[in-house]
Amino acid sequence: MLSSFAKVSVIGLGYIGLPTAAVIASRGVEVVGIDVSEHAVNTINQGKIHIIEPDLDMLVQAAVTTGKLRASLTPEPAQAFMIAVPTPFKDDKAPDLSYIRSALENIAPVIEKGNLIILESTSPVGTTEQIAQWLSELRPDLKVPLDPSDSADVFIAHCPERVLPGRVLQELVSNDRIIGGITDRCAEKAMGLYQLFVRGECLRTNARTAEMAKLTENAFRDVNIAFANELSLICDELKINVWELIKLANRHPRVNILSPGPGVGGHCIAVDPWFIVDSAPALARMIRTAREINDSKPHYVINKVKEAADQFKRPVIACLGLAFKADIDDLRESPALDIAEHLINDNVGEILLVEPNIKALPKRLSQHNDKLTTLPKALERANVLVVLVDHRQFKALHINDVTTKVVIDTRGIFG
């Protein structure tokens, strides 16, 4: 097995690519990570990390020190190429595959016969086949696996990541993996790679089903969160404590209502359902509605904050949390960040931002870095507290700590 994959290349060294590269390197395989960010490449080659994920720093340092992991701006030959780049959507919610296309264009010149190409990026149905088509145009000398004869020169498969931020290293190894090949031979080849480091079960299927499986998992979560978010709006209207209600309803043995929040964030749940809607717009009615409910929740929170601010001559509003979920530094598609940005732009009052997991605001808010403060200072100055993320620092607060404030608690930490 090791001889089949003596060298693996991971394209995209972000929240999925870097942990994946480090885990494979820890199994004794030579890994070269490719990224467009010179900062990321230089940081990794120093044995350091440019993202926050528990224990990743130690794993990367060990892999770099032993010479099994290095990063580069320039692609080079390998036996397997794993593409782990972003797949956002455009303004019209249509999938943006430009990052995948760019990654393939970068590695195409160094692909050789017998190589395996894995798409890990969450993608619309048909993207893996699209990679094969693109490759056939970029490298007409290679026979790609779109021929029914299954006699291709290269192997192409899709294996979607399905890890939880904060537990990435554990789940990369322990979670079952869905491996979808364009052909059976492609799936079999990909199985060999994942069995090097995955202790969970590797489940073989075709590429389209693998693509849809990941989208289905996140759409399922999105629909259930939308139910909770809609319930929170109804309870607010009816003067009912939604957190108490959910606890009571969940005592039913077949009911498990999720927790509402200020919206839905992250690079998966807030994005992936739109890929299904885009593929079958006339049929994906519930999935579309759930997305619309969750996308509208931040606006509801903003209006609640404005109502609270109107009670004060000089409102000072502290937004607690900017990440898309608790105890991480990831701000991608974060409803908390969107809410904070709207409050700043709408001049609702003096805005204080508390996010213990970052040292500076993202580029879109970098001109407001002076608003980033600590929790003690925010508690001292603010008359309105908006709990947007249930970080452990905020959950440690007691209701007595905020008795003099107007509190808008979107996470139920005081519930």
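Positions are given from 1, in the same order as the sequence printed here.
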(request) Work out which heavy atom in I100 is nearest to a heavy atom in I131; give both atom names and the distance. (result) CG2-CD1, 3.8 Å
(request) Could you tell me whether a side-chain N or O of D327 sits under 3.5 Å from a main-chain N or O of R392, the two making a donor and an acceptor? (result) yes
(request) Would you tell me whether S123 and K214 have side-chain atoms, one donor and one acceptor, within less than 3.5 Å of each other? (result) no
(message) If we ignore hydrogens and angles and just use 3.5 Å, is the side chain of S37 paired with the main-chain N or O of A40 as donor and acceptor?
(response) yes
(message) Given 3.5 Å as the limit, does a donor-acceptor pair link the side chain of T410 with the main chain of V387, or not?
(response) yes
(message) Show the nearest heavy-atom pair for residues V264 and A270, with the distance to one decimal.
(response) O-CB, 3.5 Å
(message) Taking the basic N atoms (NZ, or NE/NH1/NH2) and the acidic carboxylate oxygens, is any pair closer than 4.0 Å for E129 and R208?
(response) yes
(request) May I ask you to decide if L388's main-chain N or O and R411's side chain share a donor-acceptor pair within less than 3.5 Å? (result) yes
(message) Nearest 0.5 angstrom please: I107 CD1 to S9 OG, how far?
(response) 7.0 Å
(request) Would you check if V110 and F81 make a side-chain contact, meaning some heavy-atom pair closer than 4.5 Å? (result) yes
(message) Would you say S151 and K143 are linked by a side-chain donor-acceptor pair, where the criterion is simply a distance under 3.5 Å?
(response) yes
(request) State whether K297 and E230 are salt-bridged, where the test is any N-O pair (Lys NZ or Arg NE/NH1/NH2 against Asp/Glu carboxylate O) under 4.0 Å. (result) no
(message) If you count every heavy atom of other residues, nucleotides or ligands that lies below 6.0 Å from F414 atom CZ, does the total exceed 12?
(response) yes
(message) Can you confirm whether R285 is buried at CZ, in the sense that more than 12 heavy atoms of other residues, nucleotides or ligands lie under 6.0 Å from that atom?
(response) no
(request) Could you check if a side-chain atom of L203 sits within less than 4.5 angstrom of a side-chain atom of R177, using non-hydrogen atoms only? (result) no
(message) Quick check on Q367: does its CD atom have over 12 non-hydrogen neighbours (other residues, nucleotides or ligands) under 6.0 Å away?
(response) yes
(request) Please check if the side chain of R332 supplies one atom and the backbone of G265 the other of a donor-acceptor pair under 3.5 Å. (result) no
(message) I'd like to know if K7 and E76 make a salt bridge, using a cut-off of under 4.0 Å between side-chain N and carboxylate O.
(response) yes
(message) Check this for me: E188, atom CD, are more than 12 non-hydrogen atoms of other residues, nucleotides or ligands nearer than 6.0 Å?
(response) no
(request) Supply the atom-to-atom distance I51 CD1 to I328 CD1, rounded to the nearest 0.5 angstrom. (result) 10.5 Å
(message) Any carboxylate oxygen within less than 4.0 angstrom of a Lys/Arg side-chain nitrogen, looking at R139 and D153?
(response) no
(request) With the side chain counted from C-beta on, respond yes when N45 and V41 share a heavy-atom pair under 4.5 Å apart, and no when they do not. (result) yes
(request) Report yes if the side chains of L353 and T373 come closer than 4.5 Å at any heavy-atom pair, otherwise no. (result) no
(request) Locate the shortest heavy-atom distance separating A187 from R204; write the atom from each residue and the value. (result) CB-CD, 3.3 Å
(message) I'd like to know if the side chain of H158 reaches the main chain of L119, judged simply by a donor and an acceptor atom lying under 3.5 Å from each other, with no hydrogens or angles considered.
(response) yes
(request) Decide yes or no for T128 and E211: does some side-chain heavy atom of the first lie under 4.5 Å from some side-chain heavy atom of the second? (result) yes
(message) Using a 3.5 Å distance criterion without hydrogens, assess whether the side chain of T87 forms a donor-acceptor pair with backbone atoms of S121.
(response) no
(message) When you compare the side chain of V389 with that of K325, does any pair of heavy atoms fall below 4.5 Å?
(response) no
(message) Between C186 and T183, is there a side-chain heavy-atom distance shorter than 4.5 Å?
(response) yes
(request) For residues A22 and L59, report the shortest heavy-atom separation together with the two atoms involved. (result) CB-CD2, 3.7 Å
(request) Would you kindly say whether T209 and N206 are connected by a side-chain donor-acceptor distance under 3.5 Å? (result) yes
(request) Please check if the side chain of D96 supplies one atom and the backbone of P86 the other of a donor-acceptor pair under 3.5 Å. (result) no
(message) Would you say D329 and N357 are linked by a side-chain donor-acceptor pair, where the criterion is simply a distance under 3.5 Å?
(response) no
(message) Would D278 and K93 count as a side chain to side chain contact (heavy atoms under 4.5 Å, CB included) here? Give the steps.
(response) CA-CA 8 Å; D278 184 75; K93 308 298 186 184; over 6 Å; no
(request) Nearest 0.5 Å please: distance from the CG atom of L215 over to the CH2 atom of W274. (result) 14.0 Å
(request) Step through the shown structure and confirm whether more than 12 heavy atoms of other residues, nucleotides or ligands are within 6.0 Å of CZ on F220. (result) no
(message) Using a strict threshold of under 4.0 Å (side-chain N to carboxylate O), is an ion pair present between R167 and E53?
(response) no
(request) Say whether, by atom type as modelled, one donor and one acceptor occur between the side chain of K113 and the main chain of V154 under 3.5 angstrom. (result) no
(request) Answer yes if the side chains of N294 and D222 hold a donor-acceptor pair under 3.5 Å, and no otherwise. (result) yes
(request) Answer yes when E217 and R221 have at least one side-chain N-carboxylate O distance shorter than 4.0 Å, and no when they do not. (result) no
(message) Could you measure the distance from the CD1 atom of I351 to the CD1 atom of I317? Nearest 0.5 Å is fine.
(response) 4.0 Å
(message) Please determine whether side chain to side chain contact (heavy atoms under 4.5 Å, CB included) holds for the pair Q79 and E112, giving the CA-CA distance in whole Å, both sets of side-chain angles, and the decisive distance to 0.1 Å.
(response) CA-CA 8 Å; Q79 280 75 54; E112 300 172 352; 6.0 Å; no
(request) Could you check if a side-chain atom of D346 sits within less than 4.5 angstrom of a side-chain atom of K306, using non-hydrogen atoms only? (result) yes
(message) Under a 3.5 Å distance rule, please check whether H368 uses its side chain to pair with a backbone N or O of L361 as donor and acceptor.
(response) no
(message) Taking the basic N atoms (NZ, or NE/NH1/NH2) and the acidic carboxylate oxygens, is any pair closer than 4.0 Å for D236 and K304?
(response) yes
(message) To check you understand the geometry: which heavy-atom pair defines the closest contact between A228 and S259, and what is its length?
(response) CB-C, 4.0 Å
(request) Go through the steps for R381 and L352 under the test side chain to side chain contact (heavy atoms under 4.5 Å, CB included), then give the verdict. (result) CA-CA 9 Å; R381 297 200 53 227; L352 306 176; 3.6 Å; yes
(message) For a salt bridge (Lys or Arg N to Asp or Glu O under 4.0 Å) check, start with the C-alpha distance between R314 and E350, then their side-chain angles and the critical distance, and finish with the verdict.
(response) CA-CA 8 Å; R314 297 185 62 184; E350 182 181 354; 5.5 Å; no
(message) Please report the interatomic distance OH(Y300) to CG(L233), rounded to the nearest 0.5 Å.
(response) 5.5 Å
(message) Restricting to non-hydrogen atoms, name the atom on F394 and the atom on L320 that form the minimum distance, rounded to 0.1 Å.
(response) CE1-C, 3.4 Å
(message) Quick check for you: to the nearest 0.5 Å, what is the distance between N175 atom CG and R199 atom CZ?
(response) 11.0 Å
(message) Before you tell me yes or no, could you show the steps for M82 and I24 under side chain to side chain contact (heavy atoms under 4.5 Å, CB included), namely the whole-Å CA-CA distance, both residues' side-chain angles and the distance that decides it to 0.1 Å?
(response) CA-CA 11 Å; M82 306 176 77; I24 296 174; 3.5 Å; yes
